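Everything below concerns the one structure shown next.
Note that the coordinates shown come from a computational prediction; the quantities given were computed from them, not determined experimentally.
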Amino acid sequence: MGKDLLLEIGIEEIPSSFLEPAQNRMRELMLAMLDRERISCDKIETYGTPRRLALLVRNISERQKNRINRQIGPPRHIAFDKSGSPTKAAIAFAQKNRARLEDLTIETTEKGDYLALVSQECGGESKVVLQETLPIFIKQIPFPKTMRWADKDIRFARPIHWILALFGEEVVPFEVDGIKSANMSKGHRFMSAGEFLVKDFHDYMAKTEDHKVIVDQVRRKELIKQQLKAQAESIGGRVYQDEELLDIVTNLIEYPFSICG
């Protein structure tokens, strides 16, 4: 049974046009990273507001897959003499790979028979791998423009204020240029400022909404549409449909609240 990975990067307000491309690239980067690290998962979802980029990876395997390593050495006729005894080339190949001569085998390739060492590498714990790779992942998220701030070396769209990283209910401990990961998030800057503890993804979605943040951009957009329709109907009017403007507004706010003016 795997665990979910929840990552939230808390930032200062970024331009609305940055959000969707960043979320798409986060999904692609995470998929490539997990594939490279031999970690399986069911699904990757991304969420975003002007003050946070969030990523959920569902059902991550708790360990990497084992890997077969195959090292090819010198050709057979060079590795062994006419009597079948190993030559200096075979001995050097074994020493280089910290193996015994009896561990070596012969591999048949298109070019002929070669000395080889075949070994199995056992997969490590996924949490440990994530601890090492998530800082790299965060730094790789691309933006049209980036900036540095204070005495930090990292470049990002806007200053990073917090990082939430959970594997199941466990914190994935790491640091990005002095910013430590934790199990804490923050609410709306004006309507519900302050930190709150997060246990897992379901707890995260419930508590962010309690703190006046709708993290899911699809739901946030739908709420805006519903509110606009209600406001228009209250004065006997109708909403002028402008999808481009609706997308911009969706990515400019964290908690929809419409008024009629």
Side-chain angles (χ1 to χ4, degrees), residues 1-12 14 19 22-65 123-141 154 156 159-189 192-220 254:
M1 183 66 180
K3 295 180 179 180
D4 292 344
L5 168 68
L6 172 62
L7 176 69
E8 180 192 58
I9 308 165
I11 49 182
E12 292 185 13
I14 67 173
L19 268 181
Q23 289 173 256
N24 292 337
R25 287 296 290 137
M26 285 172 68
R27 190 181 297 106
E28 293 168 2
L29 287 169
M30 179 57 66
L31 188 62
M33 185 189 86
L34 293 177
D35 183 63
R36 187 168 57 249
E37 297 295 340
R38 312 188 318 278
I39 297 175
S40 64
C41 72
D42 284 349
K43 189 179 181 182
I44 299 176
E45 302 169 11
T46 57
Y47 304 92
T49 79
R51 292 190 67 214
R52 67 200 74 221
L53 289 166
L55 177 142
L56 172 69
V57 187
R58 293 189 180 276
N59 198 28
I60 287 184
S61 58
E62 296 198 44
R63 299 190 69 87
Q64 294 174 295
K65 295 177 183 176
E125 293 184 20
S126 294
K127 182 183 175 182
V128 175
V129 177
L130 293 171
Q131 183 178 343
E132 297 171 351
T133 55
L134 284 179
I136 301 170
F137 167 80
I138 291 173
K139 293 176 182 178
Q140 287 179 335
I141 300 172
I154 184 176
F156 211 72
I160 298 175
H161 285 250
W162 75 88
I163 298 172
L164 180 149
L166 291 175
F167 186 51
E169 296 186 1
E170 297 180 83
V171 173
V172 182
F174 62 88
E175 190 173 314
V176 177
D177 209 1
I179 306 163
K180 294 182 179 180
S181 62
N183 56 354
M184 304 294 292
S185 185
K186 293 184 180 182
H188 192 283
R189 183 190 294 273
S192 185
E195 292 186 326
F196 56 87
L197 182 70
V198 176
K199 293 180 181 179
D200 54 27
F201 176 69
H202 296 291
D203 188 51
Y204 170 75
M205 295 300 279
K207 285 184 176 176
T208 47
E209 186 158 345
D210 287 343
H211 288 78
K212 307 300 182 185
V213 176
I214 306 296
V215 178
D216 186 342
Q217 61 278 353
V218 176
R219 182 163 176 267
R220 199 163 64 246
E254 290 201 305

Exercise. Given the rule in the side chain to side chain contact (heavy atoms under 4.5 Å, CB included) test, do K186 and H211 qualify, once you have shown the distances and angles that lead to the verdict?
Worked result: CA-CA 8 Å; K186 293 184 180 182; H211 288 78; over 6 Å; no
Problem set entry | Closest approach of D4 to R58 (non-hydrogen atoms, all atoms of both residues) | OD1-CA, 3.2 Å
Seminar exercise, completed: dist S40:OG -> N59:CG (nearest 0.5 Å) comes out at 7.5 Å
Exercise. Within a strict 4.5 Å, meaning less than it, do heavy atoms of the E209 and I214 side chains meet?
Worked result: yes
Problem set entry | Heavy-atom closest pair, residues Q140 and L29 | O-CD1, 3.7 Å
For this session: Specify the closest pair of heavy atoms between H188 and R51, including all atoms of both residues, with the distance to one decimal.
Result: C-NH1, 4.0 Å
Exercise. Does V213 reach the side chain of R52, with side-chain heavy atoms less than 4.5 Å apart?
Worked result: yes
Exercise. Between E8 and W162, is any side-chain donor less than 3.5 angstrom from a side-chain acceptor?
Worked result: yes
Exercise. Given side chains that start at C-beta, do those of I9 and H161 come closer than 4.5 Å, heavy atoms only?
Worked result: no
For this session: Quick one: closest heavy-atom pair of L7 and L134, and the distance?
Result: CD2-CD2, 4.4 Å
Exercise. Between atom CG of L34 and atom CZ of R36, what is the distance when rounded to the nearest 0.5 Å?
Worked result: 9.0 Å
Exercise. Under the 3.5 angstrom rule, does the side chain of N183 hit a backbone N or O of L197 as a donor-acceptor pair?
Worked result: no
Exercise. Could you walk me through whether I136 and M33 pass the side chain to side chain contact (heavy atoms under 4.5 Å, CB included) check?
Worked result: CA-CA 10 Å; I136 301 170; M33 185 189 86; over 6 Å; no
Exercise. Out of curiosity, I141 CD1 to E28 CD, how far, rounded to the nearest 0.5 Å?
Worked result: 12.0 Å
Problem set entry | Non-hydrogen side-chain atoms of V57 and L31 separated by less than 4.5 Å | no
For this session: Using the side chain to side chain contact (heavy atoms under 4.5 Å, CB included) rule, take L6 and V198 through it: C-alpha gap first, then chi angles, then the decisive distance, then the call.
Result: CA-CA 10 Å; L6 172 62; V198 176; 4.3 Å; yes
Exercise. How many angstroms lie between atom NZ of K207 and atom OG of S192, to the nearest 0.5 angstrom?
Worked result: 12.0 Å
Exercise. Would you find more than 12 non-hydrogen atoms of other residues, nucleotides or ligands less than 6.0 Å from H202 atom NE2?
Worked result: no
Ignoring hydrogens and angles, write down the donor-acceptor pairs under 3.5 Å from the side chains of residues 163-176, residues two or more places apart or on other chains.
| unit_1 | atom_1 | unit_2 | atom_2 | d |
| --- | --- | --- | --- | --- |
| E170 | OE1 | K127 | NZ | 3.2 |
| E170 | OE2 | K3 | NZ | 3.0 |
| E175 | OE2 | G178 | N | 3.4 |

Exercise. Could you give the distance from CZ (R63) to OG (S126), rounded to the nearest 0.5 Å?
Worked result: 8.0 Å
Exercise. What's the verdict on side chain to side chain contact (heavy atoms under 4.5 Å, CB included) for E37 and Q64, showing C-alpha distance, side-chain angles and the deciding distance?
Worked result: CA-CA 7 Å; E37 297 295 340; Q64 294 174 295; 3.5 Å; yes
For this session: For residues D210 and F196, determine if any side-chain heavy atom of one lies less than 4.5 Å from a side-chain heavy atom of the other.
Result: no
Problem set entry | Rounded distance [0.5 Å steps], CZ in R25 versus OG1 in T46 | 12.5 Å
Exercise. Looking only at heavy atoms, what is the nearest atom pair of L53 and L19, with distance?
Worked result: CD2-CD2, 3.6 Å
Exercise. With a 4.5 Å limit on heavy-atom distance, are the side chains of E45 and L55 in contact?
Worked result: no
Exercise. So, do K212 and E254 sit near enough that their side-chain heavy atoms are less than 4.5 Å apart?
Worked result: no
Seminar exercise, completed: Looking only at heavy atoms, the pair that brings D216 and Y47 closest together is CA-CD2, 3.6 Å
Exercise. Can you check whether I44 reaches L56 side chain to side chain, under 4.5 Å on heavy atoms?
Worked result: no
